[in-house]
Amino acid sequence: MIDEIRVLAGDAVARARAAGTLDDLRALEAEVVGKKGALAGFKRRMGSLDPDQRRHVGQALNAAQWEVADALGARRDELDQAGRRSRLERERLDLTEVRAGRDAGHIHLVAQVIEELEDTFVGLGFRVAEGPEVEDDWHNFSALNFGEHHPARDMQDTFFVDLGAPGEVVLRTHTSPVQVRVMECQPPPIYTVMPGRVYRNEAADATHLAVFHQLECLVVDRGITFGHMAGTIDMFTKAFFGEGFSTRLRPSYFPFTEPSAEVDVRRPDGSWLELGGCGMVHPNVLANCGIDPEEWSGFAFGFGLDRLAATRHGITDLRDFLSTDVRVLEQF
Ligand code: PHE
């Protein structure tokens, strides 16, 4: 009987090693070590043996059981691993693969405008700076000469962040706080543009978004005049849109510039686009940033970039910029 058991075990081990599939292994397992398998059959026959023989046969059965179970387990691991390897190979995703042609992805229209404007201004000798989108009251308002009770601090326009003292931390409502940051960390002369995302607590419509983009420009030097500002704005409008576009300035008010103006761009069809604000940097703002207003003067402007991009591409609803339909961007 012991010889029969050894032969059975040796045969089962050989078949396990040669098994080609997990199903084959399962069948072999049932046939040999399962409850109704061949080894169990020997166990049932043990009852008729005398105690000494029973002990030897019992040991042989246990040894056979382990031997076969080991061979089944080892082959199962091999088959599992091979299966995983082939599945990995089959389902492989090459994330470095670049798809050719128009499917290759697009830089968003607003990002295109930002890159182009940066190039235009860098070509004129300007630097580019950026600031945080989550700002403190000092940079977004106080340093910019907003009085304590200026309406722009109202809940209506500003998203407040639940950090620090109430009302202390905001999502910046414009890129002008970056002016303050630039002046705080570098002495004049300053020729810098500052693009970025800004936030206003407003309902979105065709010409307004709650999250939009501005390009801020700041020049601080000796003897800077309103004429330098008007000339710079007109120059960049023509550089960006091409001939046929012109600009006008309308008197306006901002706490941080004096005098202040609104900038409109005239389209070739004679219609006007409201672009943003501008003005001579208020002496209080220079002083707040540690710059002597007796020695230095400057101008600043801030433009809505989403409107620039829309005008250039004939887009009539700014909300299209937020569309998740790739066909919108694919046109450009
Ligand atoms: N920050 C102003 C706005 O968002 C625009 C502006 C910038 C006006 C610089 C004057 C000078 O409306």
Side-chain angles (χ1 to χ4, degrees), residues 1-112 115 130 132-134 159 161-164 169 171 196-197 199 211 321-332:
M1 201 155 143
I2 289 177
D3 285 342
E4 280 177 77
I5 292 169
R6 291 213 175 110
V7 170
L8 174 77
D11 177 56
V13 167
R15 284 169 63 198
R17 287 191 183 135
T21 67
L22 289 170
D23 279 344
D24 292 349
L25 278 184
R26 263 188 293 274
L28 181 62
E29 187 172 29
E31 183 190 322
V32 180
V33 296
K35 273 205 192 76
K36 292 180 183 149
L39 291 175
F42 284 108
K43 230 175 244 166
R44 276 192 297 277
R45 282 161 55 193
M46 271 166 58
S48 58
L49 302 174
D50 66 54
D52 203 36
Q53 272 182 316
R54 201 186 297 161
R55 197 163 52 85
H56 288 301
V57 171
Q59 281 169 355
L61 272 177
N62 280 343
Q65 182 101 21
W66 292 124
E67 207 183 321
V68 176
D70 270 358
L72 287 168
R75 183 64 185 149
R76 185 174 293 124
D77 286 350
E78 282 173 14
L79 289 175
D80 270 349
Q81 262 182 34
R84 205 169 312 131
R85 261 200 305 276
S86 79
R87 201 169 58 245
L88 278 178
E89 192 55 38
R90 231 182 11 259
E91 296 173 357
R92 204 177 84 188
L93 266 185
D94 183 358
L95 298 179
T96 64
E97 185 182 45
V98 176
R99 291 165 70 200
R102 289 191 67 81
D103 286 341
H106 297 261
I107 296 178
H108 193 277
L109 288 190
V110 176
Q112 288 179 21
E115 286 182 4
E130 288 184 345
E133 291 174 26
V134 178
F159 284 115
V161 178
D162 192 7
L163 269 178
V169 180
L171 293 182
R197 190 176 290 140
Y199 302 81
V211 180
F321 282 143
L322 304 178
S323 170
T324 52
D325 186 337
V326 290
R327 288 172 300 181
V328 174
L329 287 183
E330 268 174 2
Q331 301 173 80
F332 306 100

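Owing to the predicted nature of the structure, the values given are computational and were not obtained by experimental measurement.
Closest of all the heavy-atom pairs between Leu79 and Leu25 is CD1-CD1, 3.9 Å. Annotation for Ala19 and Asp24: closest pair CB-CB, 4.1 Å, computed over non-hydrogen atoms. The minimum heavy-atom distance linking Ala60 with Ile5 is given by the pair O-CG2, 3.9 Å. Closest of all the heavy-atom pairs between Leu61 and Met46 is CD1-SD, 3.4 Å. For Gln112 against Ile107, the heavy-atom pair with the smallest separation is NE2-O, 2.9 Å. Ala9 and Glu67 make their closest contact through CB-OE1, 4.3 Å (heavy atoms, listed as atom of the first residue, atom of the second, distance).
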Q. When you look at Glu78 and Arg75, which way does the salt bridge (charged side-chain N to carboxylate O under 4.0 Å, His left out) test go after all the steps?
A. CA-CA 5 Å; Glu78 282 173 14; Arg75 183 64 185 149; 2.5 Å; yes
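With contacts defined as side-chain heavy-atom distances shorter than 4.5 Å, the pair Val57/Arg45 does not qualify. Side-chain contact between Leu72 and Val32: absent, with no pair of heavy atoms (C-beta onward) separated by less than 4.5 Å. The shortest distance between side-chain heavy atoms of Leu22 and Asp80 falls below 4.5 Å.
Of the inter-residue distances, the one linking Glu133 atom CD with Tyr199 atom OH reads 3.5 Å to the nearest 0.5 angstrom. The OG1 atom of Thr21 sits 8.0 Å away from the CZ atom of Arg26 when rounded to the nearest 0.5 Å. Interatomic distance, CZ of Arg44 versus NZ of Lys36, reported as 9.5 Å (0.5 Å rounding).
With a 6.0 Å radius and a threshold of 12 heavy atoms from other residues, nucleotides or ligands, Arg54 has its CZ atom above the threshold.
Looking only at distances, no side-chain donor or acceptor of Arg15 sits under 3.5 Å from a matching main-chain atom of Leu28.
Residues forming a salt bridge (Lys or Arg N to Asp or Glu O under 4.0 Å) with Glu130 (at least two apart in sequence, or on another chain): none.
Look at Glu89 and Arg92 and you find a salt bridge, because one of the NZ, NE, NH1 or NH2 atoms lies within 4.0 Å of a carboxylate O, short of that distance.
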